[in-house]
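Comments concern the structure below.
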Amino acid sequence: MKRVFAFVGFSSAITLIVLNTVPYFFVKFILIFAVVSLLISLLVKRLRQERVVPITFGAMLFSCLIFVLCMQCDVIPQKSLDGISTDVKFRIVDIEEETDSGYLYTVKTESIDAFDSPQNIKLKIKSQTKIPADYYDTVSAVISFYSYTDNAFCSFGDYGNDIYVRGKLIQIDDVTEDAKPPNYYILKLRLKIKEIITESFDEEKTGLAYSILTGDKGLLRDDIRESFKVCGISHMIAVSGLHITLICLLAYYLLKFLKVSVLPSTVLTFLIIIVYIGVSGYSKSAVRAGIMIAVMLTAQLVNDKADTLNSLGFAVFIMCLNPFSVTDAGALLTVTAIIGLCVIKPAYDKKLRPENKILSYFYDGVFSTWSVLLSTLPVGWLLFSRLSLVSLVMNILCIPIMQLALVSVLLVCIFSGVPFLVFIPKHIADFSLGVLINVSDFCEEKFSVLYIDISDELVGVAIAALLLFAGISLLVSHKIDIKLMSVFIALILSVTAVFSIYSYNHNAYVRVSDSGAVMIYDKDSAVIIDADDKSDCYFMDEVLSARNFDSVAVYNSVSCKKEIRKLLPDADFKSLSDCDENVCNHISIKCDNDVILVSVFDKVFKIDENYVRIGEYKAYRNIYERFNENGDVMFIITENADVQIKEGK
């Protein structure tokens, strides 16, 4: 049977997505279903002869067992540490993140002094000051543990990185210098790359250069990140198959040009890819792409042609050995994008690909992006609330420029310290990075209306119907009518775009962030309340960067005033001091003792220290250090003052 790993990998991934979505109580029923289905497929001769059926149910059962094993052996024991403060010995295993309240460290414990507690676990700890220790030194300290979520999709990627609890550093008792493992030198290389890029480019381009090369967005300005998101080109600032493939091809053909034989060049290329994956922080999409490259390089050695889908399925299967890796948005988008390029795009090529080389280039750009959009639509609906239609054009324009930027920034890092060698790549990088920033800014300003809302349940039903249609077609005729599917999705997106544009122009929104900021806005005006730290500013930027407000009013948001003025220099800006003003024709704000009353159309929101309330419904506020159990909450108010509540997207 062809593509065994494709069936195994994709079946495992789909099963794990379901297991991570449903409450843990239901997992045992899915496990029983998998056991019964596998037995039936093995006992019924017709199903057994199909082979794909027992393989699919076998992969499903395997995924259930891996998930249960991980929950029982890792997640549940580690969550038992919640609320405990005790002595811990740990090592810092990744570059720290600087936050408004101090530093966030990823550490690996050596011992935890608590009865029957798990040992040698990975976690993130918060510290108000920088820890005076080098990477992989042993630190003896007191840590207070806390649990912050029970769902991998809400863990911001922590579950996928084997992190199930967090901690606060109470005090440091001792630091001991230890021998360094190989990854220590990878971390030092990442820091050196960061230093070189910071010295080589101005502040605006430094963050983009560093994120394109390493996938680390710590230096990237929020407005640039948001403009890339609106334009549908965020994949360029996360190391993925596009980056890994380009680096692999550069290394392989350079070694081939230098007349290095096949075996050494293949091994050296593989080692370069391993180092690059380490520099990228071992992101899920980079690891997946690295596994695929390894399979293809191995096939090159044995003179066998690797099947892309089978290689992808094998990479997905390896990733599924960690049952929470499927909750990583980047990995899901990368995998589904490759499926679009390997399955949907070739179907178009057979009937539509032009012979002319110039037309062929534009055809590849449009239909590659369209194929990716088709295949990633279910993931977009599941994990995000918006979709960029302008990405169809932006990817054609920006991917070649991004590739030029990636190669030139890499050369700047390699030849740093040699002025005559670094001169040309530095200027090429400056130019290409500037073009990416300017083009994305222009696109965001002019076409943000094409960044459409796809969170509606009807869109989900339509996508489910589409997938059902595709599944039935495969079972009945062993093929999918790509033209019919394209028409169906084009219709879904067209209707969704019309409703999204209508909502954009006729609805008002009240959003409550996890950290307690409240934002009320329509297409022209915005009121911002209690946006007082970096996370609040980023939450606010997501909206402000995607819209061109005529007026913005702030209340208790001193630290974010500068950000607002920078994002909207032409807007009518006012700081509400008496808390008793009309913001626009249907939004007003008043104060009643310690309660802020915001009127939107004829609905009144009561905002106090703990909650945002409308009627009987309330959304939590000011809960820093613990996560909102509802996720990011949005109230949507129509012109006739109907209220719709959306959560967790």
Side-chain angles (χ1 to χ4, degrees), residues 92-100 102-107 122 124-126 130 135-136 155-158 160-163 183-229 233-244 246-247 272-290 325 328-331 333-334 402-403 405-414 416 429 432-433 436-437 440 534-535 538 541:
I92 302 169
V93 296
D94 204 349
I95 297 174
E96 64 276 6
E97 302 173 39
E98 191 169 354
T99 68
D100 288 335
Y103 297 87
L104 185 64
Y105 289 88
T106 301
V107 305
K122 196 175 177 184
K124 288 185 177 179
I125 60 172
K126 292 181 178 180
K130 195 164 186 177
Y135 303 111
Y136 291 97
S155 71
F156 300 97
D158 280 356
N161 291 320
D162 303 320
I163 298 172
N183 195 56
Y184 171 83
Y185 302 99
I186 295 290
L187 292 179
K188 288 296 185 181
L189 177 59
R190 286 172 62 188
L191 289 173
K192 183 61 178 178
I193 289 171
K194 189 175 185 178
E195 178 187 329
I196 292 170
I197 290 176
T198 303
E199 292 175 353
S200 301
F201 304 101
D202 60 39
E203 182 183 356
E204 183 181 52
K205 294 172 184 173
T206 291
L208 183 56
Y210 189 58
S211 60
I212 284 178
L213 183 61
T214 68
D216 187 338
K217 303 175 188 64
L219 301 178
L220 187 65
R221 279 183 8 194
D222 290 337
D223 58 324
I224 297 176
R225 186 196 307 230
E226 186 62 28
S227 64
F228 271 55
K229 185 190 297 182
I233 54 175
S234 294
H235 60 91
M236 296 182 187
I237 51 177
V239 173
S240 62
L242 183 64
H243 300 66
I244 298 289
L246 182 60
I247 297 295
I272 290 169
I273 294 301
I274 290 176
V275 172
Y276 184 60
I277 290 172
V279 168
S280 73
Y282 303 100
S283 68
K284 297 293 180 296
S285 52
V287 172
R288 189 272 318 150
S325 63
D328 181 79
L333 288 172
T334 302
M402 186 281 291
Q403 292 173 326
L406 174 61
V407 174
S408 54
V409 170
L410 179 62
L411 291 175
V412 167
C413 294
I414 292 173
S416 173
S432 54
L433 293 168
L436 286 173
I437 292 170
S440 60
K534 187 175 180 180
S535 63
Y538 177 68
D541 286 352

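Computed from a prediction, not measured in an experiment: that's the story for all the values here. Values below: every heavy atom of this structure, side chains too, minus hydrogens, waters and symmetry copies.
When the side chain to side chain donor-acceptor pair (under 3.5 Å) test is applied to Y184, the partners found at least two apart in sequence or on another chain are D134. Remark: K194 engages no residue in a salt bridge (charged side-chain N to carboxylate O under 4.0 Å, His left out) (not counting sequence neighbours). The side chain to side chain donor-acceptor pair (under 3.5 Å) test applied to K124 returns D158, not counting sequence neighbours.
Going from atom SG of C413 over to atom CD of E195 covers 11.0 Å, rounded to the nearest 0.5 Å. Taken from CD1 in I233 to CZ in F228, the straight-line distance is 4.5 Å, to the nearest 0.5 Å. The structure places OG of S408 at 11.5 Å from CD of Q403, a figure rounded to the nearest 0.5 Å. Distance CG/L104 to CD1/I95: 13.5 Å, rounded to 0.5 Å. The structure places CG of L436 at 5.5 Å from CD1 of I212, a figure rounded to the nearest 0.5 Å. Here CD1 of I277 is found 12.0 Å from CD1 of I272. Values are rounded to the nearest 0.5 Å.
Screening L213, I274, L189, D216 for a side chain to side chain contact (heavy atoms under 4.5 Å, CB included) involving V279 leaves a single residue, L189.
Within the 4.5 Å cutoff, no side-chain heavy atoms of V412 are placed close to those of I197. A 4.5 Å side-chain heavy-atom check between D94 and R190 finds at least one atom pair inside the cut-off. Residues L410 and I247 have side chains in contact (heavy-atom distance under 4.5 Å, counting atoms from C-beta outward). Residues L187 and V93 have side chains not in contact (no heavy-atom distance under 4.5 Å, counting atoms from C-beta outward). By the 4.5 Å heavy-atom criterion applied to side chains, K192 and I196 are counted as neighbours. Inter-residue side-chain proximity for S211 and L219 is flagged as unmet; no heavy-atom pair is nearer than 4.5 Å.
Donor-acceptor pairing under 3.5 Å is lacking for the side chains of N183 and Y135.
The shortest non-hydrogen separation linking L220 to G207 is CD1-C, 3.7 Å. Residues M236 and H243 come closest through the heavy atom pair O-NE2, 3.0 Å.
In this structure a side-chain-to-backbone donor-acceptor pair under 3.5 Å is present from T206 to F201. The main-chain N or O of I224 is found under 3.5 Å from a side-chain atom of S227 such that the two form a donor-acceptor pair. At distances below 3.5 Å, at least one donor-acceptor pair connects side-chain atoms of D202 with backbone N or O atoms of E204.
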